[in-house]
Amino acid sequence: MAMSAICTIALLCAFTPKNDKRINKQVERALKQMTTREKIAQLIFSQTDSYLFSEKHKEATNQLIEVEGIGGLLILQDSLPRYLNRMNELQSKSNIPLLIAIDGEWGPSMRFVEFPFFPLQMQLGALPNDSLIYEMGRAVAEQCKLANIHINFAPVVDINVNPKNPVIHARSFGEDRDKVTAYARAYMRGMQDGGIIACAKHFPGHGDTEVDSHKGLPILSFDRERLEQLELYPFADQIKQGVKMVMIGHLLVPALDTTISSISKPIITGLLKQEMGFDGIIVTDALAMKAVSNNRTSAEIAIAAYKAGVDILLNPKDIKAAIDRIEEAINSGECSISDLDNRVRKILKVKAEYGMLDRQYSAIVDTTNISQRAKNPEHIALIQQMADQSITLVNNNANLVPINFNKKIAYIAYNAKNIATKREYGDLEGIAGYNPKTGMVDSTTLMYQHLQKTCLSQNKNSVHYYSLDKTSSQTQINALCEDLEQYDIVILACHDPHGRIKRNLLSEEHISSLGELVKKHRPILIHFGSPYGLSQLNWLDDTGAVIVSYQDSESNQRATAKILTGEIKAKGQLPVSY
């Protein structure tokens, strides 16, 4: 079935202007006052972060804004007060206020440590329904507004059907087409109902790839029917539901075109615009990524993407060269000025809807107590609620969950030393091992602390704590295995601070040696990492129970502890196979 037949598209505006005529008048007035070069610059977004805050980088960014007049910035890692002070400075230099975008797939906490840390999308895919995801979208919108951010490059709507995917995996809601579609819809609606532009990515679909487009060119060797039934399906829904922006990935899809998707007119104009009916804003993925930048200059990439039909060129390596080449094409008649004007109108309209074209508008943000204001108690409570409902009891073979605290219990923390707790979900003061200077728990995990408090409150035996890490020797593991003979229940908690399958949680040696421990003591295995990580463990069937806790976060540790103690039941469902 052709996409045009399955998509009846009506792009809905995320913001309802009080006066459409006034908005249009502001847009046309601004457009009329701009030179061709200034118009082109409005279609360019550059990136900046605290790691690049050298004097050389600051001056280069100043030049892009003061001289070229670029339309917006993409913010990467930073501290919130420092970023806002810098943005106040840059906005004051810009003739037309800048649109600020963030790659915040799990919210601004992906870039700013001051904000509470929402779960990655794969953990969200374990939730029993999408109601909390909508609430998360609203919360993310509130956080973006606090940071004066207008666009969030989320949700990821890629369906991660390939366990070997090195770049999407935990960023996806999972492998089920309908769940990914529904959950992405809820996240998008939440953000846009909250007044922030959402962006569905990475069109036409990055889920079934084994190459990271930051480093090379992924190829999707599927026929058109497969693409429509899987990869394109959630994008069609996003468009139908009114997403305001779509990001084009750097992918080679022979069934659609022999050119990379981000510079392909058949894919961008032919498929996305004409067949699927999308008339919102189209942005490229970063144009410095190697999938598209290998063997191409910034000027070549920019003109190709522009001719293909994109509205925003994201982070060309050489922005001046990109603007020069498009300006040359406009002036020579290679590209039309009317087409340029239509694209710039899209950008200016967004700015007008945000009030940026009002004469009295001020882009300066009050930074007073901004770090404290970022820690919204309602958001923190929502994060814990999401954790409580997503932690997944994969099996309970020996009926060990919830734990019987009348038994003697041993707790083994693998790779959990110095677990970071800087996100401040709750009150850490008084927790054993908490170091207020570093914001770290130096001795034991939060989950263990919760179990210990439960024991003390019930006047039960203490849970005995053991620690292993990737440097532990076979001799140490053998000694531990012997020591465990005195315990009735063993908990083996494996912590993965990265949560990504490309980083092996256990070495081959430890898989073997811990396998002997598992066969002998049948522990409750708790995996604080991607579900895909379970595939490397050939002794899963010998465990007494398996819990997937997705990420090594405070909220997940607390939720897992509550499942172990019986305070709550595990409601999560695995979003992927392993």
Side-chain angles (χ1 to χ4, degrees), residues 393-398 400-401 403-405 407-420 432-433 440-452 455 461-552 556-557 560-561 563-564 578:
L393 181 61
V394 178
N395 71 58
N396 196 13
N397 292 334
L400 296 176
V401 180
I403 291 174
N404 181 352
F405 282 95
K407 304 285 187 178
K408 293 186 66 176
I409 303 167
Y411 179 105
I412 306 167
Y414 181 89
N415 201 34
K417 191 174 182 179
N418 292 339
I419 295 298
M440 310 283 278
V441 171
D442 297 327
S443 61
T444 59
T445 67
L446 293 173
M447 183 170 68
Y448 171 76
Q449 293 288 333
H450 192 105
L451 297 178
Q452 275 287 64
C455 288
N461 295 325
S462 293
V463 179
H464 194 82
Y465 187 89
Y466 294 91
S467 179
L468 295 173
D469 59 34
K470 291 184 177 181
T471 66
S472 297
S473 67
Q474 184 66 54
T475 301
Q476 290 173 302
I477 294 176
N478 290 343
L480 170 60
C481 197
E482 291 182 12
D483 205 33
L484 293 176
E485 293 287 352
Q486 61 184 300
Y487 296 99
D488 303 307
I489 297 174
V490 175
I491 299 169
L492 175 58
C494 294
H495 298 261
D496 179 5
H498 305 289
R500 296 196 173 190
I501 187 60
K502 65 181 179 180
R503 302 176 188 268
N504 289 333
L505 181 59
L506 303 176
S507 66
E508 291 296 327
E509 179 184 359
H510 280 177
I511 289 175
S512 176
S513 56
L514 288 177
E516 294 302 313
L517 183 153
V518 168
K519 290 176 183 178
K520 192 170 185 179
H521 299 287
R522 298 203 71 192
I524 300 170
L525 173 68
I526 301 169
H527 177 56
F528 287 99
S530 164
Y532 290 129
L534 297 180
S535 63
Q536 64 178 273
L537 307 179
N538 54 20
W539 34 256
L540 276 183
D541 290 342
D542 295 316
T543 57
V546 176
I547 296 175
V548 172
S549 299
Y550 299 98
Q551 298 167 247
D552 204 6
N556 286 359
Q557 287 201 37
T560 306
I563 289 169
L564 290 174
Y578 60 87

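Scope of the values below: all heavy atoms of this structure, side chains included, with no hydrogens, waters or symmetry mates. Note that the structure is predicted; figures quoted are calculated from it, not measured.
Not a single donor-acceptor pair under 3.5 Å links the side chain of Asn556 to the backbone N or O of Thr560. No side-chain donor-acceptor contact under 3.5 Å links Ser462 to the backbone of His464. Trp539 places no side-chain N or O within 3.5 Å of a backbone atom of Leu514 that could act as its donor or acceptor partner. Under the 3.5 Å distance criterion, the side-chain polar atoms of His527 are left unmatched by any main-chain donor or acceptor of Ala493. In terms of modelled atom types and a separation under 3.5 Å, the side chain of His510 and the main chain of Gln474 share no donor-acceptor contact. Remark: the backbone N or O of Val546 is not paired with any side-chain donor or acceptor of Thr543 at under 3.5 angstrom. Put simply, the side chain of Asn397 never gets that close to the backbone of Gly544: no donor and acceptor are under 3.5 Å apart. A donor-acceptor contact shorter than 3.5 Å links the side chain of Gln476 to the backbone of Ser473. Checked by atom type and distance alone, the side chain of Asn396 pairs as donor or acceptor with a backbone atom of Val401 at under 3.5 Å.
Counting heavy atoms from C-beta outward, Leu564 and Ile526 have side chains that approach closer than 4.5 Å. You'll find the side chain of Leu492 stays beyond 4.5 Å of the side chain of Ile524, heavy atoms only. The shortest distance between side-chain heavy atoms of Asp542 and Lys520 does not fall below 4.5 Å. Side-chain contact between Asn538 and Ile511: present, with at least one pair of heavy atoms (C-beta onward) separated by less than 4.5 Å. Ile412 places a side-chain heavy atom less than 4.5 Å from the side chain of Leu468. For the pair Leu540/Tyr578, a side-chain contact is recorded, criterion being any heavy-atom separation below 4.5 Å from C-beta on.
A perpendicular orientation is assigned to the rings of Tyr466 and Tyr487, their planes being inclined by more than 60° (bins at 30° and 60°). Tyr465 and Tyr411 have parallel rings, their planes meeting at less than 30° on a 0 to 90° scale where 60° marks the start of perpendicular.
The line from CG of Asp552 to OG1 of Thr445 is 8.5 Å long, rounded to the nearest 0.5 Å. Atoms OG and OH, from Ser472 and Tyr414 in turn, are 7.0 Å apart once rounded to the nearest 0.5 Å. Interatomic distance, His521 NE2 to Leu484 CG, rounded to the nearest 0.5 Å: 4.5 Å. Going from atom CD of Glu516 over to atom CD1 of Ile477 covers 11.0 Å, rounded to the nearest 0.5 Å. Separation of atoms CG (Asp488) and CD1 (Ile409) is listed at 8.5 Å; rounding is to 0.5 Å. Here the straight-line distance linking atom CD1 of Ile491 with atom CG of Leu400 works out to 9.5 Å at 0.5 Å rounding.
Heavy atoms only, all atoms of each residue included: Phe528 and Gln551 are closest at CD2-O, 3.4 Å. Among all heavy-atom pairs drawn from Val548 and Pro531, the shortest one is CG1-CG, 4.1 Å.
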Requested in this report: Check the pair Leu525 / Val394 against side-chain contact (heavy atoms from CB on, under 4.5 Å), numbers first and verdict last.
Outcome: CA-CA 10 Å; Leu525 173 68; Val394 178; over 6 Å; no
Query - Check against side-chain contact (heavy atoms from CB on, under 4.5 Å), Lys408 and Ile489 - result: CA-CA 6 Å; Lys408 293 186 66 176; Ile489 297 174; over 6 Å; no
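For Lys519, the salt bridge (Lys or Arg N to Asp or Glu O under 4.0 Å) test picks out no residue, with sequence neighbours left out.
Crowding of Asn478 atom CG: a count of heavy atoms from other residues, nucleotides or ligands under 6.0 Å exceeding 12.
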